[in-house]
There are 2 protein chains.
Amino acid sequence: MFIGNISYLSFMKSKNTPAEPTKSELEILQVLWKCGPSTVRFVNDQLNEEKREVNYTSTLKLMQIMFEKGLVDRDDSQMKHVYTAAVEEKKMKAMLLDKFVETLYDGSASTLMMQLLGNKKTSKKELEAIREILKKLDQ
Amino acid sequence: MFIGNISYLSFMKSKNTPAEPTKSELEILQVLWKCGPSTVRFVNDQLNEEKREVNYTSTLKLMQIMFEKGLVDRDDSQMKHVYTAAVEEKKMKAMLLDKFVETLYDGSASTLMMQLLGNKKTSKKELEAIREILKKLDQ
DNA sequence: TTGTTCCTACGAAAAATTTCCTAACTTTTA
DNA sequence: TAAAAGTTAGGAAATTTTTCGTAGGAACAA
């Protein structure tokens, strides 16, 4: 029997609600988002250059786990497997932002804004950029 | 010999750069921020009502650890110890926000804003509030 | 007093996350 | 060809975080 529509299985883990990455997993995702499909070797080199010293097999293991979780896809037709982020950067970051706002600011974006604007590190340039965004929203 | 100025010790952990709380520790801090000085019993009840089922001694242990880390202060002159957040809500949240923006948006507040504004969950009311904030910044 | 309930301290188990060692195989180099 | 270097898989150790059991007192009620 052929079942064409399997949407009733949508409660299962899927790309709609991807597993939440751990800190280390997020670091790896960032590399994949920034640099595109990469080998373990490349990702590991990036981490060592930009983040911290980490053994090759540690990165390998982590990426294998991420594959099992569905956080990355992988092309293993060649010896050097090529990994790709399986979750869109925007979607994932939106998800993390949502959760962040929820836990810290009770879901209130404007409260977060006030924190952000009261923060020394938010420069005048940033402020200008934010005004621009709001302006464009008007149009 | 009396040493009046110990500012050269400022690299040590202090309230300036408080230890980063874990997820569970943050939950407890939120209760203390919201409700003020509290006993373990009270915090535990709050968590069970508002968050998730958790055993009393688990909460106790966690709060003891937080005391060692300097995340909370405690008055143990009475049998029922009374705990207080040792870090200001605003400071801690600002710190967490900073780190969040740093790791996810390369430190760019305006990039975060765009995500936030592109988000369905940011209602019109929120937008209005944000505009108000910016207006007041002008004055 | 005596038993019940509540409290803290402490240690350890359990769970989650991160790290790395080893084996087996492939590719490259000499 | 043979050694060296690179790659994956798998397991297990190490670390961090979370949970809870137990013991020993203190407060309280009968």
Side-chain angles (χ1 to χ4, degrees), chain A residues 13 18-32 37-84 86-87 92 96 99 103, chain B residues 13 18-32 37-84 86-87 92 96 99 103:
Chain A
K13 266 181 190 167
E20 187 163 322
T22 67
K23 264 181 206 172
S24 303
E25 290 172 345
L26 185 57
E27 281 182 353
I28 290 174
L29 278 180
Q30 306 253 36
V31 173
L32 293 179
S38 312
T39 62
V40 175
R41 174 65 59 190
F42 179 82
V43 171
N44 186 246
D45 287 349
Q46 288 289 309
L47 292 181
N48 276 285
E49 281 170 30
E50 302 192 353
K51 296 278 181 177
R52 66 215 156 74
E53 197 169 333
V54 55
N55 190 297
Y56 174 83
T57 52
S58 301
T59 304
L60 170 65
K61 182 65 168 187
L62 220 30
M63 292 176 76
Q64 286 171 339
I65 291 173
M66 291 171 76
F67 176 65
E68 284 168 14
K69 285 190 188 177
L71 283 172
V72 296
D73 291 328
R74 137 179 115 178
D75 173 355
D76 56 2
S77 62
Q78 306 300 124
M79 182 192 176
K80 302 183 184 183
H81 298 180
V82 174
Y83 287 78
T84 317
V87 288
M92 177 56 82
L96 295 175
K99 203 190 156 191
T103 52
Chain B
K13 265 179 192 171
E20 187 163 323
T22 66
K23 262 180 208 173
S24 303
E25 289 172 346
L26 186 57
E27 281 181 354
I28 290 174
L29 278 179
Q30 307 252 38
V31 173
L32 293 179
S38 312
T39 62
V40 176
R41 175 64 59 191
F42 179 81
V43 171
N44 187 246
D45 287 349
Q46 288 290 310
L47 292 181
N48 277 286
E49 282 171 28
E50 302 192 353
K51 296 278 180 176
R52 67 215 156 72
E53 197 170 333
V54 57
N55 191 297
Y56 175 82
T57 54
S58 301
T59 303
L60 169 66
K61 180 67 170 186
L62 221 29
M63 292 177 77
Q64 287 171 339
I65 291 173
M66 292 171 75
F67 176 66
E68 286 168 14
K69 285 190 188 177
L71 283 172
V72 297
D73 292 327
R74 136 178 117 177
D75 173 356
D76 56 2
S77 62
Q78 305 301 124
M79 182 192 175
K80 302 184 185 183
H81 298 181
V82 175
Y83 287 79
T84 318
V87 288
M92 176 57 82
L96 296 175
K99 204 190 155 194
T103 52

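So you know, we letter chains A, B, ... as the sequences are listed, proteins then strands, and number each from 1.
- Minimum interatomic distance between B:G70 and B:A86 (heavy atoms only, all atoms of both residues): O-CB, 3.4 Å.
- Two residues are said to be in side-chain contact when any heavy atoms from C-beta on lie closer than 4.5 Å; A:K69 and A:T22 meet this criterion.
- Regarding B:D45, its CG atom lies at a distance of 11 Å from the P atom of C:dC6, rounded to whole Å.
- In this structure, B:K80 atom NZ and C:dT5 atom P are separated by 15 Å, rounded to whole Å.
- For A:R74, a side-chain nitrogen or oxygen approaches OP1 or OP2 of D:dA9 to under 4.0 Å.
- When rounded to the nearest whole Å, the span between CE of A:M63 and C1' of C:dT19 equals 16 Å.
- Of the side-chain N and O atoms in B:R41, one or more sit less than 4.0 angstrom from OP1 or OP2 of C:dC7.
- Contacts of A:T57 with the nucleic acid, taken as non-hydrogen atoms under 4.0 Å apart, include base atoms.
- Distances shorter than 4.0 Å separate some side-chain N or O of A:R52 from OP1 or OP2 on C:dT19.
- Distances shown here put a side-chain N or O of B:T22 below 4.0 Å from the OP1 or OP2 atom of D:dT18.
- You'll find the side chain of A:F67 stays beyond 4.5 Å of the side chain of A:M63, heavy atoms only.
- By the 4.5 Å heavy-atom criterion applied to side chains, B:N48 and B:V54 are counted as neighbours.
- Between D:dA9, C:dT8, D:dG21, one nucleotide has an atom nearer to the side chain of B:N55 than all others, and that is D:dG21.
- Rounded to whole angstrom, the span from the CD1 atom of A:I65 across to the C1' atom of C:dT19 amounts to 10 Å.
- Looking at heavy atoms from C-beta onward, B:V31 lies out of side-chain contact with B:E50 at the 4.5 angstrom threshold.
- B:K23 places its NZ atom 16 Å from the C1' atom of D:dT19, with the value rounded to the nearest Å.
- For A:K61 and D:dG11, a side-chain-to-base donor-acceptor distance below 3.5 Å is present, hydrogens and geometry of angles not being considered.
- For B:Y56 and D:dT19, the shortest distance from a side-chain N or O to OP1 or OP2 is not below 4.0 Å.
- Remark: P of C:dT26 and NE2 of A:H81 are 12 Å apart, rounded to the nearest angstrom.
- Set against D:dC20, C:dC6, D:dG6, the side chain of B:M79 has C:dC6 as its closest nucleotide.
- In this entry the distance linking CE of A:M66 with P of D:dA9 reads 15 Å, nearest Å.
- Phosphate contact (OP1/OP2 of C:dT8, side-chain N/O of B:Q64, threshold under 4.0 Å): absent.
- The phosphate of D:dT18 (OP1 or OP2) has no side-chain N or O of B:S58 nearer than 4.0 angstrom.
- Across all strands, A:E25 comes closer than 4.0 Å to no nucleic acid atom at all (heavy-atom distances).
- Regarding A:E27, its CD atom lies at a distance of 8 Å from the P atom of C:dT19, rounded to whole Å.
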